[in-house]
Amino acid sequence: MTVPRSDSPLPAVPSGSPASAASSGAPGADPYTADEMMTVAAARRLRGGSCFVGIGLPSVAANLARRTHAPDLVLIYESGTIGAKPERPPLSIGDGELAETADAVVSVPEIFNYWLQPGRIGVGFLGAAQIDRFANINTTVIGTYDDPKVRLPGAGGAPEIAASCREVTVIVRQSPRTFVERVDFVTSVGFGSGPGDRERLGLRGSGPRTVITDLGVLEPDPVTCELVLTHLHPGVTVDRVRAATGWDLAVAADLRETEPPGPRELAALRALTGRQG
Amino acid sequence: MTVPRSDSPLPAVPSGSPASAASSGAPGADPYTADEMMTVAAARRLRGGSCFVGIGLPSVAANLARRTHAPDLVLIYESGTIGAKPERPPLSIGDGELAETADAVVSVPEIFNYWLQPGRIGVGFLGAAQIDRFANINTTVIGTYDDPKVRLPGAGGAPEIAASCREVTVIVRQSPRTFVERVDFVTSVGFGSGPGDRERLGLRGSGPRTVITDLGVLEPDPVTCELVLTHLHPGVTVDRVRAATGWDLAVAADLRETEPPGPRELAALRALTGRQG
Amino acid sequence: MATVVPLAEAVGNLVRDGDSVALEGFTHLIPYAAGHEIIRQGRRDLVLIRMTPDLIYDQLIGMGCARRLVFSWGGNPGVGSLHRFRDAVQNHWPAPLEIEEHSHAGIANAYVAGASGLPFAVLRGYRGTDLPSRTPNIKPITCPFTGEELTAVPAINPDVAIVHAQRADRHGNVQLWGITGVQKEAVLAARRSLVTVEEIVEELQPRPGAVVLPEWAITHVSEAPGGSHPSYSAGYSVRDNGFYRAWDGIARDRDTFLAWMDENVLTRKAGR
Amino acid sequence: MATVVPLAEAVGNLVRDGDSVALEGFTHLIPYAAGHEIIRQGRRDLVLIRMTPDLIYDQLIGMGCARRLVFSWGGNPGVGSLHRFRDAVQNHWPAPLEIEEHSHAGIANAYVAGASGLPFAVLRGYRGTDLPSRTPNIKPITCPFTGEELTAVPAINPDVAIVHAQRADRHGNVQLWGITGVQKEAVLAARRSLVTVEEIVEELQPRPGAVVLPEWAITHVSEAPGGSHPSYSAGYSVRDNGFYRAWDGIARDRDTFLAWMDENVLTRKAGR
């Protein structure tokens with residue numbers, strides 16, 4: 001396979017290389033990795049309000065947003081911390097700093113019942129092991145349930161985050177193993193099998209609005225609910241994204257290029273992750 | 001009517017008078033009121049464990065028990081205070097001292113759901129405006145519901161206290177207006193219409209075990225579930241109790257006399273209520 | 001996003017004729033000042049919701065603000081009856097009062113359902129009592145696993161919830177402690193909410209037993225020092241038991257009641 | 001009525017082969033010491049319940065204590081997979097492991113129902129996912145008021161719940177703070193319970209954010225300082241993120257795992 005493994009970051013794309021020259025512009029601008037582009041692009045989508053943060057990539061991006069353009073963003077973790085302001089993204093969703101810096105710490109039943117379930121929270125921010133054409137997410141098993149090829153961690157808070165947040169942002173590295181025609185297991189519902197399914201199921205949030213990858217940005221077509229490529233990250237081609245997608249990916253008529261990470265964004269991100277620029 | 005009004009205490013029964021000479025014994029022993037006898041008799045029934053305390057008479061008796069023979073009695077109020085140790089019985093079930101002296105203070109939903117409902121609490125201690133042959137309690141209306149003679153405060157915590165505590169003690173002044181053949185409104189279930197009703201209704205506590213009045217003590221017959229007079233307070237006659245009961249009251253074969261309040265009990269009670277001896 | 005505004009403005013913005021309004025506070029932190037402001041603004045046809053309607057609801061009912069009362073215990077705690085409530089129920093004065101009557105456990109769970117975005121709550125409650133025959137929205141529900149029959153009550157989602165708390169910060173984050181009752185649930189269940197506070201401080205300090213309501217879950221915060229009198233705000237005031245006892249005499253008679261309200265509530269408007 | 005006893009005695013009294021056992025602690029206050037004692041005592045056929053089975057369940061599963069796992073997220077938080085859990089599911093080593101899989105919201109509510117003496121809980125959850133097709137005890141339930149279809153899960157009432165807390169007093173009253181997770185619910189839902197604590201103190205001092213479990217709601221309390229390592233006990237220790245990362249290497253290989261357990265858990269028995 002030529003696609004990167006989903007658990008290893010892509011190599012850095014140096015500024016001026018064919019991959020990013022078109023947009024990063026200024027000579028001497030910091031080189032950045034595809035993961036950094038992905039994280040910055042995801043952070044930009046968080047504009048304010050409240051965000052129910054999954055662990056891993058979502059947590060880094062949400063913390064980056066709070067450090068840059070969205071200082072009032074309210075971070076909510078399923079461990080029960082509301083308004084956490086960690087100095088560094090936590091390794092687990094229950095690190096002590098989350099509780100120490102939170103506006104309020106509530107029990108786990110309360111965070112799901114009083115805060116998530118009623119649709120009080122603006123953005124649900126999720127990762128995925130597989131995602132399909134209709135933005136359904138699998139974090140349970142690769143292969144069959146009874147005899148899995150890979151047993152993944154499972155649902156956690158994701159099914160109800162995907163159901164109840166007013167909208168959902170997904171952040172996931174793109175590859176044909178990850179972007180599949182149909183997920184092996186629906187852990188969290190995107191648009192089910194298409195238009196009207198969320199309403200039929202009684203899911204009250206509007207579902208995934210944005211899927212941000214290391215290659216670009218996908219958004220659901222407002223009519224068909226199918227994911228469509230709407231942005232390419234600098235230096236990435238449509239062919240490369242289509243090769244990394246397990247279905248016949250539609251491309252938006254007005255396909256745009258993502259603004260590359262600015263110096264302030266990169267500095268803030270690297271301060272968070274501890275990576276040297 | 002010759003019976004006392006249910007909201008006015010009986011006059012004190014002086015020691016040595018026909019009403020109490022038989023049992024109070026020692027000349028010069030403190031005189032005490034019928035209400036004091038009732039409260040002391042009720043307190044004696046609380047031996048330890050936990051008690052969900054209604055406001056008013058139950059609260060005084062429960063606090064008296066904790067001051068005398070049951071120092072480890074855990075008092076639980078519907079305001080959410082667990083293990084309150086008030087210096088004086090509170091006027092309301094939400095007085096500040098309850099929270100300040102409690103082992104834990106929880107929300108009102110929690111006190112009902114996590115503590116009362118599962119049957120964790122030993123004794124439910126209730127008052128009544130009316131009580132009937134099967135120890136059903138009315139605190140809702142006298143007369144008809146739509147055009148009541150007297151609109152009473154209503155249910156409060158009582159229906160679920162009566163349903164879920166492992167057993168229930170009722171404290172109520174006795175009169176034919178209060179002890180009625182059938183309550184005008186079943187606010188809280190005692191034994192319903194008789195044996196088997198609690199089980200049919202799915203009520204998990206064993207129901208009222210003792211009804212303590214200003215005249216004596218009534219207990220349900222283990223077979224018929226009907227309240228039976230088992231103790232007379234000193235100086236009270238069976239005829240007087242029957243005259244104060246709105247149904248044909250059964251009397252236990254081994255009817256006994258209540259031990260009068262001891263000096264330590266009276267002193268503790270008066271310290272609680274602020275009454276001079 | 002909470003905005004901090006004066007009490008009269010907050011009540012004016014939030015409470016409309018015909019609204020369902022829950023003023024909560026379980027014997028502690030009862031929002032009297034806000035209730036008085038509703039009376040002064042002359043609201044009518046309110047559906048008043050409260051586990052323990054006490055003097056403030058006696059006042060609202062006696063002043064003709066309510067058409068319906070949803071409650072579980074309506075008395076003057078430790079003293080006796082609410083005479084204005086009784087007069088409305090028994091004699092329809094000053095107006096008929098519909099009542100919807102529950103147990104504490106029932107209303108508490110209805111608020112929990114409301115705060116949780118669920119249409120109903122399940123409890124072991126009411127069974128064998130006469131309440132379901134008088135309160136139609138108490139229904140049986142069967143456990144899909146055991147077949148056991150339990151009780152369901154519909155969620156309470158008031159148009160407006162009003163509670164009193166000790167403190168807020170300038171952003172409108174609210175902190176209350178002591179007996180915290182059902183206030184969090186009432187605020188989270190409501191479409192709009194007002195929290196009156198003893199004081200607005202620069203920063204909330206963590207306190208044992210404190211409940212914090214973040215500002216983005218609240219509509220308005222208003223400073224109302226002493227706003228829970230004659231109930232109390234732990235750390236700021238003590239319960240005025242004398243007033244609770246005195247109310248029995250004030251409220252027993254219609255004219256005495258009206259005179260008291262005129263002198264102590266209505267004509268205080270200008271002073272605020 | 002809690003009794004304070006040594007850890008080995010508490011586990012010996014409470015945990016029997018075949019029991020359903022919930023060790024809770026949501027990333028914080030995870031009762032590792034108690035889990036290790038279960039392993040040392042050689043318990044078998046346990047039904048292990050836990051929202052987030054992490055390293056301690058990886059260890060229990062890898063040592064063959066479990067026949068079934070009820071869970072909602074089984075991973076090494078921030079690191080990756082639980083290799084012993086995966087090996088049991090994928091390869092039945094050291095024994096087949098039945099799994100009953102939920103979402104966090106589902107298990108949290110199942111504990112709430114268990115703590116509340118209800119046979120089931122209702123939530124907006126699972127709908128449209130493949131979980132109900134694999135977990136038969138997730139069922140639809142219809143609101144008796146609105147007709148809306150929601151989801152029911154049966155109550156969880158473990159035979160034994162085990163949690164770790166910062167402090168207890170000599171009577172066995174327990175105090176925990178920080179991220180308090182689902183521990184209160186697990187203890188109150190269980191038939192028997194054990195709380196291990198960092199220290200036993202003369203008197204519990206009120207603390208912001210603290211949950212207090214009164215001694216009469218607990219079976220045993222055992223002192224186990226450091227008993228939450230490599231998770232943490234706020235105020236006493238910090239999370240050993242290095243160990244969580246190292247575990248990935250230790251647990252990946254069966255022999256390395258067994259050697260580590262032998263050296264670090266089994267042979268420490270005498271030392272206690």
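Note that this is a predicted model, so its numbers are computed, not measured. Here is the naming used below: chain letters follow the sequence lines, and residue numbers restart at 1 for every chain.
- Contact count versus chain B (heavy atoms, under 4.5 Å) is highest, among Gly181(C), Pro77(C), Gly125(C), for Gly181(C).
- Judged purely by atom type and a 3.5 angstrom limit, Glu78(B) has no side-chain atom pairing as donor or acceptor with the backbone of His104(C).
- Note on Gly75(C), Ala108(C), Ser72(C), Pro53(C): by heavy-atom pairs under 4.5 Å with chain B, the leading option is Ser72(C).
- Nearest heavy atoms, Ile99(C) versus Tyr145(B): CD1-OH, 3.6 Å.
- Residue Phe26(C) holds its CZ atom at 10.0 Å from OG1 of Thr81(B), rounded to the nearest 0.5 Å.
- With Tyr126(C) contributing its side chain and Pro159(B) its backbone, the two residues share no donor-acceptor pair below 3.5 Å.
- With values rounded to the nearest 0.5 angstrom, Trp73(C) atom CH2 is found 9.5 Å from Thr139(B) atom OG1.
- The OH atom of Tyr77(B) lies 12.0 Å from the OG1 atom of Thr27(C); values are rounded to the nearest 0.5 Å.
- For Glu160(B) and Arg127(C), the salt-bridge test fails: no basic side-chain N is under 4.0 Å from an acidic carboxylate O.
- Residues from residues 195-206 of chain B that place a non-hydrogen atom less than 4.5 Å from a non-hydrogen atom of chain C comprise Arg200(B), Leu201(B), Gly202(B), Leu203(B), Arg204(B), given in numerical order.
- Contact between Ser107(B) and Glu185(C) at its shortest, heavy atoms only, is OG-OE2, 4.4 Å.
- With rounding to the nearest 0.5 angstrom, the CZ atom of Phe112(B) is 7.5 Å from the OG atom of Ser103(C).
- When Asn136(B), Val150(B), Thr140(B), Ile111(B) are compared by the number of non-hydrogen pairs under 4.5 Å with chain C, Val150(B) comes out ahead.
- Ranking Thr180(C), Val238(C), Leu131(C) against chain B, the residue ahead of the rest is Leu131(C), based on heavy-atom pairs under 4.5 Å.
- Of the two parts of Asn109(C), only the side chain, counted from C-beta on, holds a non-hydrogen atom closer than 4.5 Å to a non-hydrogen atom of chain B.
- Contact record, Thr187(B) with Thr129(C): O-CG2, 3.2 Å, taken as the closest heavy-atom pair.
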Audit row: Glu101(C), Arg151(B), salt bridge (charged side-chain N to carboxylate O under 4.0 Å, His left out) steps and yes/no: CA-CA 12 Å; Glu101(C) 188 159 3; Arg151(B) 173 65 233 196; 2.5 Å; yes

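- For the residue pair Gly178(C) and Val105(B), the shortest heavy atom distance occurs at O-CG1, 3.6 Å.
- With hydrogens and angles ignored, the 3.5 Å screen pairs no side-chain donor or acceptor of Gln117(B) with any backbone N or O of Leu123(C).
- Chosen from Ala99(B), Gly156(B), Gly154(B), the residue pairing most often with chain C at heavy-atom distances under 4.5 Å is Gly156(B).
- In this structure, the separation between OG on Ser79(B) and NE2 on His28(C) is 11.0 Å, given to the nearest 0.5 Å.
- Both the backbone and the side chain of Ala105(C) have a heavy atom closer than 4.5 Å to some heavy atom of chain B.
- In terms of heavy-atom pairs under 4.5 angstrom with chain C, the leader among Asn113(B), Leu116(B), Asp147(B) is Asn113(B).
- Residue Tyr111(C) does not touch chain B at all, counting heavy-atom pairs closer than 4.5 Å.
- Options Arg239(C), Arg86(C), Arg134(C), His102(C) differ in how many heavy-atom pairs under 4.5 Å they form with chain B, and the most are formed by Arg134(C).
- No donor-acceptor pair under 3.5 Å is formed between the side chain of Asp130(C) and the backbone N or O of Phe185(B).
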